[in-house]
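Counting begins at 1 with the first residue of the sequence. Keep in mind the model is a prediction, meaning the values are calculated, not measured.
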Amino acid sequence: MSNLGSVKTNFTAGQVSMDLLGRGDLRVYANGARHLENVIIHPTGGVSRRRGLKFISKVEKPTRLLPFEFNTEQIYLLCLTDNKLQVLKDDNVIAELETPWVGEQLWQLNYTQSADTFLIVHPDVPPKQITRNNNEVWQIEDWEYYSKDNMIYMPYYNFYQKKPKLKSSAISGNVTLTADADVWLPTHVGSYISYQKGLAQITEITDTKVAKAKVVKNFSTYAATNDWSESAFSEARGWPVSVTFHQNRMVIGGSRDLPNRLWLSQSSDLFNFDLGEALDDEAIEFGILSDQVNAIKAVVSSRHLLVFTTGAEWMVTGEPLTPEKIQLKRQTNVGIYSDKILAPQQIDGATVFVSRSGKQLREFLYTDVEQAYQAKDLTILSNDIIQSPQDIGFDQDECVLYIVLEDGSISCLTTYRTEEVTAWSKLTTAGKFLSVAVIGNDIYFCVQRSNGYFLEKLADDYYSDCAIRLTSEIAQRDWGGLDNLEGEKVVVLANGFSLGEFQVEEGEIHLLDEATEIMVGIPYEHWIEPLPYMVESERPYSPKALRVIHARFRIINSKSLCIDIGGGYFQYPLKRIHKDQIFDAPPMTYSGDVQVRSLGWIRDMNKPMWSIRSNEPLAFTLLSAVVEIKLKE
């Protein structure tokens, strides 16, 4: 039988599920891979060993990372741990503040930003705003609603189906509020009551029907009435769940006890929720009424105001949004993930979100033909790539979405919709990724390792993790200052040479040869494997046996290639390709074709024709692979 060729020109379908092994007829089978680990897929089709993680600092506890971007030049990293916020600029701590959030609350935070004001909400904690002034002074404060003539214009609501009557003992001063039903809870202390065109703040709860209060704005009368309401957000009723800005209004989506309600502030007056007389610029409030309670988990300002709930996705329209023109329309019935708050991401004109199951990533995109949104499943070809997500971040420059999972790995999506590129890969490290934040051109991670928690970021020319670069004017063998790597097995790059693995003891390593510059870090392994070969005339079945005669790999900007084409992994000597290179010079970057020959038959069709796998801390990029094979008749 004549020799056959297997040509792989790109990896734009990424790592696909084993469920596709019977679908050799699909284009994604040719463009997909069986295994892509610790590589980034480029929109053009090639795959590169991911950048290493540069050590920034050690942190005390698991840390939630949030981006603060005033503009492209003034960018900051917010690091949240139990009751503490650290602000970093250029990888240095410039401010430290006390916060009210602890433990699991950190992963239920929703946030939005407008210029120097950063709003954070959690359903069990009063909402906060973090502000920065021109002198880099940072503060964290409670929201301060607009007030006029002693009236505070916050959202109010009557929580009772059969509204009980309320009577005051007086119209001013310290009063007693008596209801004809059980309404008061101990946590009502501090809440505001809107009653008889006035306002009072509860100071003491006597029993479930009687409360004492201080009048803030005098009542018009103290007659009994059921036309009263209390502050929508309080210790008794819970606090906002989500927040954003849309058409010059602040939008609050849901609260603990009002999960399906939306509040929009007055236009250009962000903390004024006065409903007034329903004029065009006045505040708006309404609930999402449907066949089930749709708890709002995220609100997003896009082409329209998008509302993501646990049971459906909604579109709020109106040009502009006014009390008279506003409309709410259900679009899809997927539901958003709610175990952790993962903010929907704006990508290439679409909004992507993790579905209610926590196993799918959906692309929420408006179609002009249908005049409606659709929620395409981006994980349909890689249905096992996401499990129990924990955090999310999108890098616009490389078109890569990072989804941190609870098992400590990261599912990476390279997406470029106009070119129909949807490619998944996996990132792992010696430890667990906990959180991610993309700030400008930098991508930060909080990582749990065997010796603590670390703040690290992806860095060019770094190809190991928790890595640190050390220099010395005098060549030396013994290197210290490696406390962040205590007890770890590390790889060392010295003067451009990979020296292998060493053990860090008491913050030091001892090399066999002297060097003036070293890079030390924890190794990670990149792994690239294609899908099993299929005979064109017998798809979707693989042959009984095949022999790789030779394989040709096109690589670019690479310094190392470790490959297996049937006889086991071996390090291909790229140095011999550079004929004019001095023998003992460090590896040069190579771009071109590498041809490898092989002997022996492959009878296990679950075994790939070739596999590339290495933990060498050196650059590697694969563009394509052409394999000449012979089948057993």
Side-chain angles (χ1 to χ4, degrees), residues 59-68 76-88 93-114 116-133 136-147 152 154-155 185-192 201-203 205 230-245 250-259 263 265 270-271 273 295-299 338-343 390-391 434-435 437 446 453 455:
V59 294
E60 298 175 0
K61 298 177 181 178
T63 302
R64 176 81 188 274
L65 306 178
L66 301 178
F68 186 105
Y76 305 86
L77 176 66
L78 306 183
C79 300
L80 287 162
T81 56
D82 291 351
N83 300 124
K84 187 168 75 171
L85 164 66
Q86 286 186 330
V87 181
L88 274 71
V93 177
I94 62 170
E96 193 168 301
L97 304 171
E98 291 185 2
T99 67
W101 308 291
V102 295
E104 285 301 311
Q105 290 180 343
L106 297 174
W107 310 102
Q108 289 289 342
L109 296 177
N110 232 315
Y111 61 91
T112 192
Q113 183 182 354
S114 175
D116 275 325
T117 301
F118 192 91
L119 305 182
I120 303 184
V121 296
H122 185 282
D124 296 325
V125 179
K128 302 292 181 183
Q129 62 179 14
I130 299 170
T131 56
R132 182 209 69 154
N133 66 20
E136 300 261 350
V137 176
W138 292 76
Q139 293 180 312
I140 181 167
E141 301 168 316
D142 290 331
W143 288 8
E144 186 175 340
Y145 295 99
Y146 173 76
S147 62
I152 302 175
M154 64 176 67
L185 301 169
T187 48
H188 266 114
V189 173
S191 297
Y192 288 89
Q201 185 176 26
I202 295 177
T203 57
I205 302 299
E230 63 182 274
S231 45
F233 312 132
S234 65
E235 290 293 339
R237 303 302 183 182
W239 306 97
V241 170
S242 60
V243 62
T244 192
F245 300 106
M250 183 201 293
V251 181
I252 299 174
S255 68
R256 191 192 68 198
D257 288 5
L258 295 170
W263 296 267
S265 73
L270 301 180
F271 287 94
F273 288 85
I296 299 171
K297 293 298 178 181
V299 282
S338 60
D339 289 358
K340 303 277 173 66
I341 295 296
L342 281 78
Q390 180 161 298
D391 203 2
L434 300 179
S435 182
C446 176
Y453 300 94
L455 179 63

Phe245/Leu270 under side-chain contact (heavy atoms from CB on, under 4.5 Å): CA gap, chis, key distance, verdict: CA-CA 9 Å; Phe245 300 106; Leu270 301 180; 3.6 Å; yes
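- Distance check: Thr63 OG1 to Asp82 CG gives 9.0 Å after rounding to the nearest 0.5 Å.
- Here the CG-NZ distance, from Asp391 to Lys340, works out to 9.5 Å after rounding to the nearest 0.5 Å.
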In sequence, state the C-alpha distance, the side-chain angles, and the governing distance for Val87 and Leu78, and then conclude on side-chain contact (heavy atoms from CB on, under 4.5 Å). CA-CA 5 Å; Val87 181; Leu78 306 183; 3.9 Å; yes
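- Leu88 contributes atom CG, which lies 10.0 Å from atom CD of Glu96 (distance to the nearest 0.5 angstrom).
- For the pair Thr187 and Ile205, the minimum side-chain heavy-atom distance is 4.5 Å or more.
- When all heavy atoms of Asn110 and Ser242 are compared, the pair lying nearest together is ND2-CB, 3.5 Å.
- Nearest heavy-atom pair, Ser338 versus Lys297, reported as atom, atom and distance to 0.1 Å: CB-CE, 3.8 Å.
- Within a 6.0 Å radius of CD in Glu60, other residues, nucleotides and ligands contribute 12 heavy atoms or fewer.
- Side-chain contact between Val241 and Pro259: absent, with no pair of heavy atoms (C-beta onward) separated by less than 4.5 Å.
- For the residue pair Ala437 and Leu77, the shortest heavy atom distance occurs at CB-CD1, 3.9 Å.
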Show your reasoning for whether side-chain contact (heavy atoms from CB on, under 4.5 Å) applies to Leu65 and Leu455. CA-CA 9 Å; Leu65 306 178; Leu455 179 63; 3.9 Å; yes
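- Side-chain contact between Leu119 and Pro127: absent, with no pair of heavy atoms (C-beta onward) separated by less than 4.5 Å.
- Side-chain atoms of Gln86 do not come within 3.5 Å of backbone N or O of Leu97 as any donor-acceptor pair.
- Of the possible polar contacts, one joining the Ser231 side chain to the Tyr192 backbone as a donor-acceptor pair under 3.5 Å is found.
- Evaluated for a side-chain contact (heavy atoms from CB on, under 4.5 Å) with Ile130, the options Ile120, Leu66, Asp116 yield exactly one hit, Ile120.
- Not one N or O on the side chain of Asn83 forms a donor-acceptor pair closer than 3.5 Å with the backbone of Val102.
- Nearest heavy-atom pair, Gln105 versus His122, reported as atom, atom and distance to 0.1 Å: O-CD2, 3.3 Å.
- Counting heavy atoms from C-beta outward, Trp107 and Ser435 have side chains that approach closer than 4.5 Å.
- Separation of atoms NZ (Lys128) and CG (Leu85) is listed at 12.5 Å; rounding is to 0.5 Å.
- Between His188 and Arg237, the closest side-chain pair of non-hydrogen atoms falls below 4.5 Å.
- To the nearest 0.5 Å, the span separating CD1 on Ile140 from OG1 on Thr131 amounts to 9.5 Å.
- Ring planes of Phe118 and Tyr111: parallel class, angle under 30° (limits at 30 and 60°).
- At distances below 3.5 Å, not a single donor-acceptor pair connects side-chain atoms of Thr81 with backbone N or O atoms of Lys61.
- Without hydrogens or angle criteria, Glu98 side chain to Lys84 main chain gives no donor-acceptor distance under 3.5 Å.
- In this structure, Ser114 contributes its side chain and Thr117 its backbone to no donor-acceptor pair below 3.5 Å.
- A 4.5 Å side-chain heavy-atom check between Arg256 and Asp124 finds at least one atom pair inside the cut-off.
- Residue Trp263 forms a ring-ring contact (aromatic ring centres under 6.0 Å, His included) with just one option from Phe233, Phe271, Phe273, and that option is Phe233.
- Ile202 contributes atom CD1, which lies 9.5 Å from atom CG of Leu185 (distance to the nearest 0.5 angstrom).
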Met250/Thr112 under side-chain contact (heavy atoms from CB on, under 4.5 Å): CA gap, chis, key distance, verdict: CA-CA 10 Å; Met250 183 201 293; Thr112 192; over 6 Å; no
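- Taking the six-membered ring for Trp and the full ring otherwise, Tyr76 and Trp138 have centroids separated by under 6.0 Å.
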